[in-house]
J.: 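First, the structure itself, so that you have it in front of you.
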Amino acid sequence: MPVVDASTLPLMRAAEQVNPAFSVCIAVRDRPELLVKSIQSVLAGSFSDFELIVVDDGSAVAVRDGLAAAGLLADERIRVLRQQPTGISAARNAALRIARGRVVTVLDSDDELAPDGLARLHDFLARTDARWVYTDYEEVVGDSTKVIRLPSYRDPRRMLRSVLTRPRLPFKHSGMTIDRELLLQLGGYDEQMTIKVDVELVLRALSNGVHLQRLDEPIVRFQRHSGSISRRRVAGLVAWRKMIKMYSRPHVPGLALCIVTVRAVSEIGKWAITAAGR
């Protein structure tokens with residue numbers, strides 16, 4: 001299984017011939033048990049035409065060691081990159097640099113892919129010619145599982161407004177499937193962002209007229225746990241303020257301030273619920 005030094009790879013079109021249908025990309029730091037389950041869910045799927053790129057963003061124990069202990073190193077579809085701890089944007093860009101699939105499917109290291117997830121995505125892409133797909137998902141809290149149904153939008157502008165103003169984001173980044181060339185054209189992930197990097201990418205795509213299409217089937221299982229709830233509320237609000245200023249309509253007086261206020265109330269509300277233990 002190849003192990004690549006991510007820092008030597010420029011963000012550019014991959015030189016290799018495009019081969020697999022999907023490049024499933026996972027960025028991780030210090031989640032060995034959850035990562036193994038995530039990888040196993042991809043390998044156990046009914047669709048086999050994929051590569052699985054894992055970027056180890058400076059884990060204390062190398063990802064390669066954990067995968068070896070789980071007996072996963074023999075699968076040649078798995079490619080591991082290890083880099084110094086640089087951040088989620090740089091880690092996701094590192095995966096993008098060497099991806100060979102026509103499309104990139106993002107998977108968080110604590111999520112699991114549905115057994116027929118890639119097959120359903122493949123059918124949807126063939127049926128619609130979509131270049132960017134987001135999906136419903138399953139949320140697991142303890143012994144309870146529920147399907148989270150996300151809204152659909154007729155055009156990018158409507159979705160952009162919704163991303164800026166909805167208390168709960170109208171998409172989940174994990175499970176998103178994006179045309180690799182389109183993602184490269186957009187410049188990949190913004191490495192100046194240390195938080196909300198998925199939101200910024202989506203807003204940038206929408207502002208460039210990219211239509212995100214929804215597959216109304218749950219593709220990933222999201223395990224809600226204490227580590228998956230962001231505690232960086234202040235940093236999150238700062239990031240939101242930056243994005244609202246950048247992507248809201250500047251010619252509407254006071255609009256950005258109103259959106260910032262709505263977002264601040266939303267984030268404070270979520271913090272209060274978390275603090276109350278609910």
Side-chain angles (χ1 to χ4, degrees), residues 11-14 18 21-27 53 55 87-97 99 101-108 111 121-122 124-137 148 150-217 219-220 236 239-250 255-256 259-260 263:
L11 183 58
M12 60 185 296
R13 183 174 307 181
V18 173
F22 291 86
S23 293
V24 180
C25 299
I26 303 175
I53 300 173
V55 179
I88 187 64
S89 292
R92 294 202 187 283
N93 281 339
L96 180 58
R97 290 179 186 116
R102 185 179 71 81
V103 295
V104 170
T105 296
V106 180
L107 188 63
D108 288 344
D111 287 351
L121 283 165
H122 185 265
F124 184 79
L125 291 168
R127 189 169 68 249
T128 64
D129 288 326
R131 300 191 72 192
W132 195 308
V133 180
Y134 66 104
T135 77
D136 296 342
Y137 62 96
I148 305 299
L150 297 172
S152 299
Y153 298 91
R154 288 184 294 174
D155 58 67
R157 177 55 60 181
R158 285 181 172 85
M159 186 171 184
L160 189 149
R161 288 198 300 266
S162 183
V163 173
L164 289 175
T165 59
R166 274 176 61 103
R168 186 167 190 165
L169 287 173
F171 68 87
K172 181 169 173 58
H173 190 230
S174 186
M176 271 192 172
T177 297
I178 309 166
D179 183 291
R180 179 172 57 87
E181 291 294 332
L182 173 59
L183 190 51
L184 287 168
Q185 290 166 13
L186 287 169
Y189 294 84
D190 184 351
E191 297 188 16
Q192 301 303 310
M193 300 283 294
T194 59
I195 192 171
K196 308 295 183 184
V197 297
D198 55 337
V199 180
E200 193 283 327
L201 176 66
V202 168
L203 287 171
R204 185 165 12 114
L206 294 169
S207 69
N208 279 278
V210 179
H211 183 197
L212 278 63
Q213 298 189 45
R214 170 181 167 244
L215 171 58
D216 59 349
E217 301 176 35
I219 297 300
V220 298
W240 270 114
R241 185 177 182 275
K242 175 182 177 180
M243 291 185 293
I244 290 167
K245 182 178 180 180
M246 183 179 301
Y247 295 112
S248 63
R249 299 173 69 180
L255 178 60
I259 297 175
V260 168
R263 180 56 59 186

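The first residue in the sequence is number 1, and the count goes up from there.
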J.: Show, in sequence, the C-alpha distance, side-chain angles and deciding distance for Gln185 and Asn208, and conclude whether the side chain to side chain contact (heavy atoms under 4.5 Å, CB included) test is met.
T.: CA-CA 11 Å; Gln185 290 166 13; Asn208 279 278; over 6 Å; no

J.: Would you please name every residue forming a side-chain contact (heavy atoms from CB on, under 4.5 Å) with Ala27, sequence neighbours left out?
T.: Ile88, Ala91, Arg92

J.: Ignoring hydrogens, what is the shortest heavy-atom contact between Tyr134 and Ser152? Give both atom names and the distance.
T.: OH-CA, 3.5 Å

J.: With side-chain contact (heavy atoms from CB on, under 4.5 Å) as the test, pick out the partner of Thr105 among Val133, Ile26, Ile219, Thr177.
T.: Thr177

J.: NE2 of His122: more than 12 outside heavy atoms within 6.0 angstrom?
T.: no

J.: With no hydrogens and no angle check, is any side-chain donor or acceptor of Ser174 less than 3.5 Å from a backbone partner on Asp108?
T.: yes

J.: Of all the heavy-atom pairs spanning Val197 and Tyr189, show the shortest one and how long it is.
T.: O-CD2, 4.3 Å

J.: Test side chain to side chain contact (heavy atoms under 4.5 Å, CB included) on Arg161 and Leu164; report intermediate values, then the result.
T.: CA-CA 5 Å; Arg161 288 198 300 266; Leu164 289 175; 5.9 Å; no

J.: Sequence neighbours left out, what passes side-chain contact (heavy atoms from CB on, under 4.5 Å) with Asp190? Give chain and number order.
T.: Gln192, Met193, Glu200, Arg204

J.: Could you tell me the separation between the CZ atom of Arg214 and the CZ atom of Phe124, rounded to the nearest 0.5 Å?
T.: 9.5 Å

J.: State which residue, out of Val103, Leu96, Leu183, fulfils the side-chain contact (heavy atoms from CB on, under 4.5 Å) condition with Ile178.
T.: Leu183

J.: Atom CD of Glu181 and atom CZ of Arg102: how far apart are they, to the nearest 0.5 Å?
T.: 10.5 Å

J.: Tell me, please, which residues at least two apart from Asp198 pass salt bridge (Lys or Arg N to Asp or Glu O under 4.0 Å).
T.: none

J.: For the CE atom of Met243 and the CE atom of Met246, what is their distance to the nearest 0.5 Å?
T.: 9.0 Å

J.: Can you give me the closest heavy-atom contact between Leu150 and Thr135, atom names plus distance?
T.: CD1-O, 3.2 Å

J.: Return the CG to CE distance between Leu203 and Met159, rounded to the nearest 0.5 Å.
T.: 9.0 Å

J.: What closest approach, in Å, do Lys196 and Gly236 show between heavy atoms, and which atom pair accounts for it?
T.: CE-CA, 4.0 Å

J.: Hey, what do you get for CD1 (Ile148) to OH (Tyr137), rounding to the nearest 0.5 Å?
T.: 5.0 Å

J.: Considering residues at least two apart in sequence or located in another chain, which fulfil the side-chain contact (heavy atoms from CB on, under 4.5 Å) criterion with Asp129?
T.: none

J.: Could you work out, with salt bridge (Lys or Arg N to Asp or Glu O under 4.0 Å) as the rule, every residue matching Arg158, not counting sequence neighbours?
T.: Asp155

J.: With distance as the sole test, does Arg180 use its side chain to make a donor-acceptor pair with the main-chain N or O of Val104 at under 3.5 Å?
T.: no

J.: When rounded to the nearest 0.5 angstrom, what is the spacing between CG in Leu125 and CG in Asp179?
T.: 9.0 Å

J.: Can you sort out the partners of Pro170 under side-chain contact (heavy atoms from CB on, under 4.5 Å), two or more places apart, ordered by chain and number?
T.: Pro151, Tyr153, Ser162, Val163, Arg166

J.: Looking only at heavy atoms, which two atoms of Gly188 and Leu201 are closest? And how far apart?
T.: O-CD1, 3.6 Å

J.: Return the minimal non-hydrogen interatomic distance between Phe171 and Val199, and the atom names on each side.
T.: CZ-CA, 4.0 Å

